[in-house]
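Working notes for the structure below.
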There are 2 protein chains.
Amino acid sequence: MTQPRPAGQHTVRRHNSALVLGAIADSPGISRAGVAAQTGLTKATVSSLVDRAIAADLVVDGEPARRDGPGRRGTSLSLSPDGPHGLGVEIGVDYIATCLVDLTGSVSSQRIRPVDNRSQPANRVLVKVARAIRTAVAELPVRVGGVGVAVPGLVESSTGFLRTAPNLGWRDVDVQAELRDRTDLGDTAIMVGNEANFAALGEMWGGGHEDLRDFVHVSGEIGIGAGIVMDGVLFEGVRGFGGEIGHLPVDSKGPQCSCGARGCLEAMAGQDTILQQAGVPDVDTLVLRLQDNDRKAVTATRSVARWLGTALSNVVNLLDVPTIVLGGTYARIEPWLHELLLEELNVRVVSAAWSEVRILRSTLGTEAAVRGAAASAVRAIVADPDPFITATVAG
Amino acid sequence: MTQPRPAGQHTVRRHNSALVLGAIADSPGISRAGVAAQTGLTKATVSSLVDRAIAADLVVDGEPARRDGPGRRGTSLSLSPDGPHGLGVEIGVDYIATCLVDLTGSVSSQRIRPVDNRSQPANRVLVKVARAIRTAVAELPVRVGGVGVAVPGLVESSTGFLRTAPNLGWRDVDVQAELRDRTDLGDTAIMVGNEANFAALGEMWGGGHEDLRDFVHVSGEIGIGAGIVMDGVLFEGVRGFGGEIGHLPVDSKGPQCSCGARGCLEAMAGQDTILQQAGVPDVDTLVLRLQDNDRKAVTATRSVARWLGTALSNVVNLLDVPTIVLGGTYARIEPWLHELLLEELNVRVVSAAWSEVRILRSTLGTEAAVRGAAASAVRAIVADPDPFITATVAG
């Protein structure tokens, strides 16, 4: 996923602003003296930086911040819900989603539009995505401080290019530049990243799970991807192409996949295959049929569990991760997958006898990616707030 | 792999000794002034620590160090080939290997004894391993400063226990304690680690490859393991059980593996299977037959390439590693595997079009694990030399 670059010269104040905002983000309700103690900065420096952050709507004092003067000293500080927001955008295979999240992590607005992006050239889809962005920006009277765009394909870290999105049929698209050209985002940071990676971050930061620092989040929708998180940090691989669980070969005799190879997990256990095998039009119907113990639905789900279990055994045998979070469609049918997956893992994972793998159900489901994209944009603001402060002072 | 713990109180001198030895290890031929400049320590501190390190046989001055007095000032410093050595031990499925490496990384002696450890209880094998250690220690008039023991199984990081070694039939063996009881190693540090992990480190440090920092080293012998190295650091997984490539399921209809599951890579493409399919008694004969273009040998190798390619596609799709190093038996037949593996990877790796995977042949082959184990012991001495210095001063 591409990270926003510093816009100008690195200064001491820039570094200190980040320290102060980080301390407030970690401990909402902290006092100025507390920030000073935690950061090692002097109280005078902290006070001055906090005042500027309040003026820039990044921070609020215990009582609503007054725009015309400094906040009150010594009272409790927290990130401002009225400050710059992070905008999350997801270009799904069959939907476009947007989501605005404030600095405190709360969702201010969210929207999902079903669209069949598979039958469309990239150009056409990006026009619709740009329209969705403009609508989201216009909807609320907030400033968008950063944008995260989740795409269902391989994003090269060094260039930020979407190299391939097999389910969209896209290759080598500079999503960032295309969206910048089609919107009024100006020089607002736009990070493009793999949807499965954003989904894993979304689930870690906002899924409400306890003790979730080493895990693999599986985003099972039409495409299947995985976000690998180790010790709280996203693992993307050397070039950003890691986590492609959908293209793990699970059945050497399986059908051809959208990537061109045979018997990939996605071809064996992707959403299209499940629905077709269960003879149902959508996931809602699948869940209803499973609740009724319908034979075809149950058989299709058993087959999914087997192939997904095979792929996850690969993941656990290689990475020794203790936790798997099932997201997307898999989250919807998790109750029917849980035991079967555990059985498969217990047979196939060499270390299973010493450390049983934990399977969790994603609480955000299909929203995880767009939420993670928005939250990533928010975290980028908190990690480098100075441009927002400077803009306020200059303006 | 278990790391040696500090024996006593952490002191400033201990830290500084490590800094000084690290600087000398990184830049052989460096002067005392150079060490001071690189570490930020004063020249007086460096001189005093260097003199102690010379007295302890850890460092030599340009000319052979005199044991009865301080070395000459300003001349070139390097690690001593006569100082404490690292002892590498490998408990293979069908051999026991030992190897002594000096502080500069040179191999002082090496020995491999063919033994069929598969038909033996752990107890029996450990008696032989202890004998091999005693022989290695007695062979040269050097001090053994640390021991690395490579085992073909899962070693739990938190306990150092060998949890399972399917090809040996071992479970829950405290190899470290067993070997300490049976040898005169006293309180010498003993690190037990997975052979595939040690092999990857051995290849990185001593294989002579350029630019080898992100790679997977596949140790294909009777068992198949992988050592995953990212940015120059071994990745072991949360509990130390990562890299179990031998038990990746590659053929859902394949035969049963030693681990109990079906169609694991090891069952489809392990050394026993290759030799059996090629109708040859050993790897030397296999290579001769391949050179003669023998049909059965070629067919067996093609089958190996296919299944190994499937497993490696899993690895690259998940981890996005740019380089694969083929070790063990696979190194011997690498010329016949190379093209076939690349073909398989190019079909199955989603990112292949943007970044072709590089396949290298291990230069250390079956020696990689024991060399890596010895080199790990050496690096542990350099990383914490103080106990060796203190022992000299006290003695």
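Note on naming: letters A, B, ... go to the chains in the order of the sequence lines (proteins, then strands), and numbering restarts at 1 for each one. Being a predicted model, the structure only gives us computed values, none of them experimental. Every heavy atom of this structure was used, including side-chain atoms; hydrogens, water molecules and symmetry mates were not.
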Item to check | Trace of the salt bridge (Lys or Arg N to Asp or Glu O under 4.0 Å) decision for A:Asp272 with A:Arg118 | outcome: CA-CA 13 Å; A:Asp272 285 355; A:Arg118 273 193 279 200; 3.0 Å; yes
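Contact annotation for B:Arg262: both backbone and side-chain heavy atoms come within less than 4.5 Å of a heavy atom of chain A. Of the atoms belonging to A:Arg306, it is side-chain heavy atoms, and not backbone ones, that fall under 4.5 Å from chain B. The part of B:Val321 that comes within reach of chain A is its backbone (N, CA, C, O), which places non-hydrogen atoms under 4.5 angstrom from that chain. Both the backbone and the side chain of B:Asn314 come within contact range of chain A, each with at least one heavy atom under 4.5 Å from a heavy atom of that chain. Heavy-atom distances place both the backbone and the side chain of A:Leu248 under 4.5 Å from chain B. Contacts of B:Ala353 with chain A are made by side-chain atoms alone, with heavy-atom separations under 4.5 Å and no backbone atom involved. For B:Leu154, the part lying under 4.5 angstrom from a heavy atom of chain A is the side chain only. Heavy atoms of A:Ile228 lying under 4.5 Å from chain B belong exclusively to its side chain.
For the set B:Asp214, B:Val347, B:Leu319, the entry with the most heavy-atom pairs within less than 4.5 Å of chain A is B:Leu319. By number of non-hydrogen pairs under 4.5 angstrom with chain A, the leading residue of B:Arg348, B:His247, B:Arg239 is B:Arg239. Counting heavy-atom pairs closer than 4.5 Å to chain A, the top-ranked of the candidates B:Cys264, B:Pro249, B:Gly237, B:Gly242 is B:Pro249. Residue with the most contacts toward chain B among A:Cys259, A:Gly260, A:Ser355: A:Ser355 (heavy-atom pairs, distance under 4.5 Å). Interface summary for chain B: among A:Phe235, A:Phe241, A:Trp354, the most heavy-atom pairs under 4.5 angstrom belong to A:Trp354. Your options are A:Val350, A:Val349, A:Val216, A:Asp172, and the one with the most heavy-atom pairs under 4.5 Å with chain B is A:Val350. For the set A:Ala311, A:Gly243, A:Gly153, the entry with the most heavy-atom pairs within less than 4.5 Å of chain B is A:Gly243. Of the listed residues A:Asp231, A:Thr310, A:Asp251, the one with more heavy-atom pairs under 4.5 angstrom with chain B than any other is A:Thr310. Between chain B and the residues A:Ser351, A:Ser313, A:Pro166, A:Gly263, the most heavy-atom pairs under 4.5 angstrom are made by A:Ser351.
The main-chain N or O of B:Ala269 is never found under 3.5 Å from a side-chain atom of B:Thr273 such that the two would form a donor-acceptor pair. At distances below 3.5 Å, at least one donor-acceptor pair connects side-chain atoms of A:Ser157 with backbone N or O atoms of A:Gly240.
In terms of heavy atoms, A:Gly223 sits closest to A:Asn167 at CA-ND2, 3.3 Å. B:Ala352 and B:Asn346 make their closest contact through CB-OD1, 3.7 Å (heavy atoms, listed as atom of the first residue, atom of the second, distance). Residues A:Val357 and A:Leu342 approach most closely at O-CD2, 3.4 Å, considering heavy atoms. A pairwise comparison of heavy atoms in A:Trp170 and A:Ile91 identifies CH2-CG2, 4.2 Å as the closest pair. When every heavy atom of B:Gly148 is checked against every heavy atom of B:Ala373, the shortest pair comes out as O-CB, 3.4 Å.
Put simply, the side chain of A:Tyr330 does not reach to within 4.5 Å of the side chain of A:Ile324, judged on heavy atoms. Considering only heavy atoms from C-beta on, A:Pro152 stays 4.5 Å or farther from A:Glu90 through its side chain.
Here the rule is side-chain contact (heavy atoms from CB on, under 4.5 Å) with B:Asn117, and of B:Val93, B:Ile222, B:Leu168 only B:Leu168 fits it.
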